Amino acid sequence: MLVRRLRFPKTLSTCSIQASDVHTQHYDVIVVGGGHAGTEAVAAASRVGAKTLLITQKIQTIGALSCNPSLGGVGKGHLVKEIDALDGVMGRAGDWAGIHFSILNRSKGPAVWGPRTQLDRQRYKDFIQSELLSTPRVTILEGSVQDILLTTADPGKPGRHKVYGIRLAHGGGEIHSRSVVLTTGTFLSGALFIGQNTSPGGRIGDLPSCAGLSHTLKEVLGLKVGRLRTGTPPRIIKDTIDFSLTLIHLPDPNPTPFSFINTHTHCTPEEQLPCYLTYTTPGVERVVKESSHLNSHIQEDTKGPRYCPSIESKVLRFPGRQHQVWLEPEGLTSDLMYPQGLSMTMPHEKQLCLIREIPGLQRAKICTPGYGVQYDFVCPTQLFPWLQVKSTQGLFLAGQINGTTGYEEAAAQGLWAGVNAGRTSLSMPPVSLSRTQSYIGVLIDDLIGRGVTEPYRMFTSRAEFRTFLRPDNADLRLTLRGFEELGCVSEQRYNEALRVQMSLNDALSALESIHLSAARWKDKLGDVNISETKSSILNGVEMLQYKDVSFQMLASAFPELSGPYLEFSERLKVEAMYRPHCEKQRREMERMQAEESLYLPQDIDYLTLPVSLSQEVREILDSVRPSTLGAAARLPGITPAAIIHLFNYVHRTKHRNHSKIVGVS
């Protein structure tokens with residue numbers, strides 16, 4: 001059995017990065033930005049085999065948690081598990097830095113459980129930096145990118161431009177590459193807001209990205225660019241909080257690792273820290289309303305995150321309601337607490353007035369005020385499913401630049417953009433993920449197919465096949481493909497996934513081979529709620545579908561099951577539970593996969609296409625230009641009749657073109 005040992009990571013403060021000869025070298029991939037998207041992109045591109053350069057404004061902020069000190073949750077935890085299944089960094093970093101592990105949504109089925117942890121900020125950053133430092137083919141350079149370098153596109157491939165590197169700011173020169181991944185986060189023309197004060201930046205203490213980058217995306221490449229906003233709460237000094245006036249929330253007694261190759265977390269059960277719950281009061285609403293004229297951020301039309309709104313937005317939208325405030329630790333030795341649910345942008349002194357209206361915070365002191373951020377994003381419908389800009393060969397976008405919010409969403413895109421940037425630079429074809437295969441596929445398909453009008457956040461409700469896309473089976477869904485087709489998974493992880501797959505299949509076959517009547521099963525298992533009038537014969541898998549039957553019970557009754565399969569008891573229970581649902585969904589999944597495999601030519605003139613389509617449908621298709629028939633079917637306003645006409649047209653065209661080729665030969 002493969003067990004990855006958790007180790008104390010090296011940090012950038014103890015390791016020197018030699019990049020003095022960076023300008024004389026040619027790289028396969030350049031990644032701009034060292035946040036969650038950027039770090040996964042760098043690691044993924046290097047795993048594919050690409051010589052990769054990461055450029056970041058501050059080396060010491062690589063892997064920093066800009067907002068909440070937590071990872072995972074419902075939907076988001078699924079993404080972390082899938083990132084790990086593809087050999088990404090985030091899951092292992094969470095296992096190293098986690099200080100409060102819990103599984104959310106336990107009252108529902110395992111398919112929608114949400115693995116989550118509070119993080120120690122410094123530990124998380126140290127782990128990410130250590131991973132990048134020990135990753136082959138990776139160079140890290142501190143600096144700002146002024147612009148991307150463009151030339152004419154290669155003939156015979158889609159696109160009007162081709163990227164061949166970047167130009168550094170402040171006369172830093174040019175660095176050439178075959179692919180560039182932009183992961184600028186909130187730094188693309190970023191602006192910070194506190195009260196009525198505005199300053200340039202993407203995070204407090206950091207400058208925004210260079211103006212030349214925004215100009216090129218909008219004016220040179222002609223990309224449609226929008227504006228979004230987000231915010232963060234003030235950080236509260238821990239010793240000024242009266243926790244006796246709050247409700248304590250303990251972590252799970254046995255932490256569940258994110259990574260499939262970790263059997264335990266770095267933080268022991270005894271070392272875990274609690275979180276605390278308190279609530280807003282009418283006094284909070286009063287402060288918000290009294291200070292609204294001093295808060296320019298909430299007066300803007302720029303769209304903010306619906307599912308993580310500021311306290312000002314919640315109070316103004318839902319007056320008279322009580323809102324939860326979670327007090328979360330920022331680290332094992334940190335003297336700060338993060339008040340989840342209190343994102344705010346009012347003046348500093350008003351922030352202090354507001355938090356002191358909350359039970360437990362009456363004498364609280366603020367270390368760092370909350371603030372808002374506005375930033376540019378590129379409408380993601382202008383991307384291919386492999387996250388390359390349609391108009392520009394070799395240019396990939398990932399993270400908040402695509403209109404998403406959250407560490408997990410950014411990291412998932414970064415990994416996929418890194419894989420494809422690496423493959424493209426090495427003259428390998430790009431790859432895409434179907435929404436039938438993963439939550440990463442759902443995320444990307446939603447972005448490129450529907451675009452965003454507000455920051456996009458992942459939920460399990462966005463996936464059609466939730467009983468198949470579970471956190472527990474991400475390795476079986478993705479690790480094998482990651483090694484065999486994508487080249488981004490290590491042989492060690494691949495062999496472990498193969499072992500797990502073979503063991504699960506063998507165990508399920510062994511269970512299916514056991515057939516007994518309901519009465520015999522009751523004799524074997526004792527007090528199990530099975531109707532003795534049930535006349536049919538039940539096998540072991542069908543018995544495991546009963547709520548009060550565990551694999552351990554079956555192994556006790558049939559000792560031949562206990563030895564080789566006991567370590568998989570929980571996974572076998574989940575596999576058996578969802579087997580009937582997955583079988584029912586399989587036909588629908590096959591239909592969707594067939595639609596996804598039918599690519600729509602990018603040069604189709606939808607406005608003059610000789611088929612029966614309404615003008616509205618033509619305009620939608622012309623605006624979004626979906627890559628596949630499946631993506632077209634999910635566009636708002638596209639009718640089933642329109643999909644049938646498109647299907648017939650593409651098939652006729654393919655048949656006609658094939659006939660011409662056969663005739664010439």
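Just so it is clear, the structure is predicted and the values come from calculations on it, not from any experiment.
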Do [X] and [Y] have side-chain heavy atoms sitting under 4.5 Å apart?
{"X": "P339", "Y": "L327", "answer": "yes"}
{"X": "I311", "Y": "V284", "answer": "yes"}
{"X": "P329", "Y": "C275", "answer": "yes"}
{"X": "Q400", "Y": "F377", "answer": "no"}
{"X": "P380", "Y": "V452", "answer": "yes"}
{"X": "S334", "Y": "R121", "answer": "no"}
{"X": "T278", "Y": "L245", "answer": "no"}
{"X": "R450", "Y": "Y456", "answer": "no"}

For the pair [X] (side chain) and [Y] (backbone), establish whether a donor and an acceptor sit closer than 3.5 Å, ignoring hydrogens and angles.
{"X": "N105", "Y": "V112", "value": "yes"}
{"X": "S310", "Y": "S313", "value": "yes"}
{"X": "R92", "Y": "F127", "value": "no"}
{"X": "S102", "Y": "P251", "value": "no"}
{"X": "Q129", "Y": "Q60", "value": "yes"}
{"X": "Q351", "Y": "M346", "value": "yes"}
{"X": "E40", "Y": "G88", "value": "no"}
{"X": "S623", "Y": "I620", "value": "no"}
{"X": "T404", "Y": "G399", "value": "yes"}
{"X": "Y338", "Y": "P69", "value": "no"}

Please round to the nearest 0.5 Å and tell me the distance separating atom [atom1] of [X] and atom [atom2] of [Y].
{"X": "K58", "Y": "S144", "atom1": "NZ", "atom2": "OG", "result": "10.5 Å"}
{"X": "L433", "Y": "L478", "atom1": "CG", "atom2": "CG", "result": "6.5 Å"}
{"X": "D87", "Y": "D475", "atom1": "CG", "atom2": "CG", "result": "12.0 Å"}
{"X": "T198", "Y": "L192", "atom1": "OG1", "atom2": "CG", "result": "9.0 Å"}
{"X": "R286", "Y": "T281", "atom1": "CZ", "atom2": "OG1", "result": "8.0 Å"}
{"X": "I401", "Y": "T183", "atom1": "CD1", "atom2": "OG1", "result": "8.5 Å"}

Could you give the side-chain donor-acceptor pairs of residues 76-84 under 3.5 Å, partners two or more places apart or in another chain?
from	atom 1	to	atom 2	distance (Å)
K76	NZ	E408	OE1	3.2
K76	NZ	E409	OE1	2.8
K76	NZ	E409	OE2	3.0
H78	NE2	A111	O	2.8
K81	NZ	F258	O	2.9
E82	OE1	Y439	N	2.9
E82	OE1	I440	N	2.9
E82	OE2	Y439	N	2.8
E82	OE2	R477	NH1	2.9
E82	OE2	R477	NH2	3.2
D84	OD1	S259	OG	2.8
D84	OD1	R493	NH2	3.2
D84	OD2	S259	OG	3.3
D84	OD2	F260	N	2.8
D84	OD2	R493	NH1	3.0

* Assess R229 against F193: is NZ or CZ under 6.0 Å from the centre of the six-membered ring, and within 45 degrees of the ring's axis? => no
Which pair of non-hydrogen atoms, one from [X] and one from [Y], has the smallest distance, and what is that distance?
{"X": "L336", "Y": "C367", "result": "CD2-CB, 3.6 Å"}
{"X": "Y124", "Y": "A93", "result": "CE1-CB, 3.5 Å"}
{"X": "G75", "Y": "T460", "result": "N-CG2, 3.7 Å"}
{"X": "L469", "Y": "A463", "result": "CD1-CB, 4.2 Å"}
{"X": "G202", "Y": "V373", "result": "O-CG1, 3.9 Å"}
{"X": "P269", "Y": "P253", "result": "CB-O, 3.1 Å"}

* Yes or no on side-chain contact (heavy atoms from CB on, under 4.5 Å) for L342 and L354, after CA distance, side-chain angles and deciding distance? -> CA-CA 10 Å; L342 285 186; L354 185 146; 4.2 Å; yes
* To do: For K365, look at atom NZ and say whether over 12 heavy atoms of other residues, nucleotides or ligands are found less than 6.0 Å away.
  => no
* Asked: For Q362, does the CD atom have more than 12 heavy-atom neighbours from other residues, nucleotides or ligands under 6.0 Å away?
  -> yes
* Asked: Quick one: ring pair (Phe, Tyr, Trp, His ring centres under 6.0 Å) pairs with a partner in residues 228-254, sequence neighbours left out?
  -> H100-H249, F243-Y276, H249-W326
* To do: Verify the distance criterion only: is there a donor paired with an acceptor across the side chains of Q57 and D206 at less than 3.5 Å?
  => no
* **Polar contact flag, side-chain donor to acceptor under 3.5 angstrom, E328-N68** => no
* To do: Run through V145, I140, V31 and flag the one making a side-chain contact (heavy atoms from CB on, under 4.5 Å) with I55.
  => V145
* Just do the side-chain contact (heavy atoms from CB on, under 4.5 Å) check on L188 and L182 with the steps written out, would you? => CA-CA 10 Å; L188 194 64; L182 297 183; over 6 Å; no
* To do: With side-chain contact (heavy atoms from CB on, under 4.5 Å) as the test, would you mind laying out the steps for L228 and T230 before giving the verdict?
  => CA-CA 7 Å; L228 292 173; T230 188; over 6 Å; no
* Candidate pair R227 and D376, rule side-chain contact (heavy atoms from CB on, under 4.5 Å), full reasoning -> CA-CA 5 Å; R227 196 90 172 143; D376 283 350; 2.9 Å; yes
